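Read through the structure below, which is laid out as structure tokens, and then see the notes.
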Amino acid sequence: MDVLRVTTSNTVSNRAAMGFEVAESTRLGFIGAGQMAEAIARGLVGKGVIPAQRITTSDVSPGRCKVFEGFGVSVKSSNADVAADSNILIIAVKPQYVRVVLDDARPKLTKNHLLVSIAAGIQLKDLEAWAGGDARVVRVMPNTPCLVGETAAALSAGSSATKEDVELVTGMFSTIGKIHVVNENLLNAVTGLSGSGPAYVYLAIEALADGGVRAGLPRDVALSLATQTVYGAAKMVNDTGKHPAQLKDEVTSPGGTTIAGVHELEKAGFRAALMNAVVAAARRSEEMSGQ
Ligand SMILES: NC(=O)C1=CN([C@@H]2O[C@H](COP(=O)(O)OP(=O)(O)OC[C@H]3O[C@@H](n4cnc5c(N)ncnc54)[C@H](OP(=O)(O)O)[C@@H]3O)[C@@H](O)[C@H]2O)C=CC1
Ligand SMILES: O=C(O)[C@@H]1CCC=N1
């Protein structure tokens, strides 16, 4: 296995900081050049994990192919060609197309391939069967903040995947955020929380900004304040290690402004709405997997 290399080199600072780069023989392929593939590819290239010149993709949409060519990725004319060119093959099409693209790729798959599926709800046993039985498969549920090096992701390994495969995928995604190894039966919950979660937070940022505008702020100032408030609050939870309830209490003066706002959120069922959103998305992921 020569796709994993731990480096102490400090010639490229982000690699040194992460202590991780893929071996020079690694070639990464994306079947499907959509939003999530772009976020992962740009994230990995941006962190120096692999140069764009060692990435290939294929997509039925010429517009998406152009986007990838725009940052140096080679476009192949078929999914089979991407499989033939790569040793790490990321399946990044919508779940309903996974089987058909694996049919395309299967004749070119060898025991040197590591298959990584990011498709919501498609189970390891199906991926393994569609890829030809003894394929080394890892399922990852990332989210779009891969693009800015801040993904929240989780993975589960298939029956033929090795410890090195798990270390490799963990290492790659660690350079563009955080990744947990979980049992496959938890991936639907991961999808409902962090896979879909950025959309919930974008809604919240938009709504906070609307509130600011309603209270009289210019739109640009309101959006900037809303964005930085969410970013700063997330960083507080992350960096201080304090429980969010304690941090909330520290903002909330007796009889003050914050408790007036918090009271409105509680009356509207804010917490229950977020919990229901995660559960509904997790259930949808479960439905998509046919479980
Ligand atoms: N978006 C997200 O936030 C996340 C997505 N995922 C998973 O990632 C996967 C991709 O999602 P996303 O990037 O949003 O989807 P997109 O629709 O943006 O990307 C998928 C791409 O695959 C193309 N495609 C369709 N059929 C084929 C085919 N036969 N061969 C090659 N390319 C094909 C699509 O073209 P066309 O549009 O013309 O059909 C499209 O460009 C999904 O399985 C999803 O569950 C996981 C985590 C987060
Ligand atoms: O909405 C979806 O189905 C995908 C999976 C997680 C995020 N987007």
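Atoms within a ligand are numbered from 1 in the order they appear, just like the ligands themselves. Quick caveat: nothing in here was measured; it's all calculated off a predicted structure.
Looking at Arg64, its side chain does come within 3.5 Å of a backbone N or O of Ala33 through a donor-acceptor pair.
Closest protein heavy atom to atom 1 (O) of ligand 2: Ser196 OG, 4.7 Å. Shortest contact from atom 7 (C) of ligand 2 to any protein heavy atom: Gly195 O, 3.3 Å.
Side-chain contact, Thr162 with Asp165: a donor N or O sits under 3.5 Å from an acceptor N or O.
Taking 4.5 Å as the limit, every side-chain heavy atom of Thr26 sits out of range of all side-chain heavy atoms of Leu168. Considering only heavy atoms from C-beta on, Gln96 stays 4.5 Å or farther from Met288 through its side chain. Residues Val60 and Tyr97 are not in side-chain contact: their nearest non-hydrogen atoms beyond the backbone lie 4.5 Å or more apart.
There is no protein heavy atom closer than 4.0 angstrom to atom 4 (C) of ligand 2.
The 12-atom threshold is not exceeded at CZ of Arg283, counting heavy atoms of other residues, nucleotides or ligands nearer than 6.0 Å. Heavy-atom neighbours of Tyr231 OH from other residues, nucleotides or ligands within 6.0 Å: at or below the threshold of 12.
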What does the contact table look like for ligand 1 (nitrogen or oxygen on each side, cut-off under 3.5 Å)?
from     : atom 1 : to     : atom 2 : distance (Å)
ligand 1 : 13 (O) : Gln35  : N      : 3.2
ligand 1 : 13 (O) : Met36  : N      : 2.8
ligand 1 : 14 (O) : Lys94  : NZ     : 3.3
ligand 1 : 15 (O) : Lys94  : NZ     : 3.2
ligand 1 : 18 (O) : Gln35  : N      : 3.0
ligand 1 : 22 (O) : Asp59  : OD2    : 3.4
ligand 1 : 30 (N) : Asn79  : ND2    : 3.1
ligand 1 : 35 (O) : Asp59  : OD1    : 3.4
ligand 1 : 41 (O) : Asp59  : OD1    : 3.1
ligand 1 : 41 (O) : Asp59  : OD2    : 2.8
ligand 1 : 43 (O) : Val93  : O      : 2.6
ligand 1 : 45 (O) : Ala120 : N      : 3.0

